[in-house]
Amino acid sequence: MPEPTVSTVTVLAADYFRSYSVVGLLAALGVLFVAVAFGAGRLLRPVVPTPEKLLTYECGVDPVGEGWAHTQVRYYVYAFLYVIFAVDSIFLFPWATVFAAAGYGATTLVEMFIFLGFLAVGLLYAYKKGVLEWT
């Protein structure tokens with residue numbers, strides 16, 4: 001194989017950096033677009049602060065009492081379980097695509113049962129700990 005010349009290396013490097021310059025240009029245009037949008041919003045919006053506008057607003061109810069409320073931990077646990085099973089469902093779609101491809105059936109089937117086994121053990125653990133009880 002012949003040694004690459006300086007001009008060949010220069011052309012290859014120029015092509016390499018040209019592809020990244022397109023990505024950089026798009027990123028700069030994206031940042032510029034967001035900056036212009038926020039700047040236009042700041043310049044065009046009316047600014048008339050009144051006591052009613054500065055009052056905390058939540059669901060149409062005037063705030064009464066302290067601004068601190070206790071939240072039960074079980075809500076976070078339910079949210080965490082939801083995220084786990086949402087990730088599981090996201091993983092199932094590409095798995096189904098690969099499972100349909102020739103030559104990958106048995107391997108992907110075993111992998112999916114291992115994955116579902118881990119999820120089942122986690123769900124069983126949560127059930128045994130009483131996390132899924134709503135009282």
Side-chain angles (χ1 to χ4, degrees):
M1 181 168 203
E3 279 292 314
T5 63
V6 174
S7 62
T8 307
V9 172
T10 306
V11 169
L12 290 175
D15 288 341
Y16 177 78
F17 288 116
R18 186 176 302 124
S19 63
Y20 278 106
S21 65
V22 170
V23 173
L25 179 65
L26 284 174
L29 284 173
V31 169
L32 181 67
F33 179 75
V34 170
V36 168
F38 275 110
R42 178 168 279 221
L43 290 174
L44 297 175
R45 71 177 179 224
V47 180
V48 185
T50 62
E52 290 83 18
K53 287 183 180 179
L54 297 176
L55 188 64
T56 304
Y57 177 82
E58 184 174 340
C59 301
V61 179
D62 290 332
V64 177
E66 295 182 25
W68 183 261
H70 294 284
T71 304
Q72 302 246 350
V73 170
R74 67 174 164 238
Y75 297 120
Y76 295 110
V77 173
Y78 280 108
F80 186 64
L81 287 173
Y82 169 76
V83 168
I84 288 172
F85 287 104
V87 168
D88 175 38
S89 66
I90 290 171
F91 185 67
L92 285 173
F93 290 111
W95 172 80
T97 308
V98 171
F99 183 69
Y104 291 103
T107 305
T108 56
L109 187 65
V110 170
E111 288 175 354
M112 183 49 64
F113 276 115
I114 291 171
F115 179 71
L116 291 175
F118 281 123
L119 286 176
V121 167
L123 188 61
L124 182 65
Y125 177 78
Y127 177 75
K128 292 286 187 182
K129 286 291 190 176
V131 170
L132 302 177
E133 298 288 326
W134 188 271
T135 56

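Take F115 and apply the side chain to side chain contact (heavy atoms under 4.5 Å, CB included) test, not counting sequence neighbours, and it matches D88, F91, M112, L119. With sequence neighbours excluded, the residues that form a ring pair (Phe, Tyr, Trp, His ring centres under 6.0 Å) with Y20 are Y16.
If you chain together hydrophobic residues whose side chains sit under 4.5 Å apart, L116 and F118 never meet in one group.
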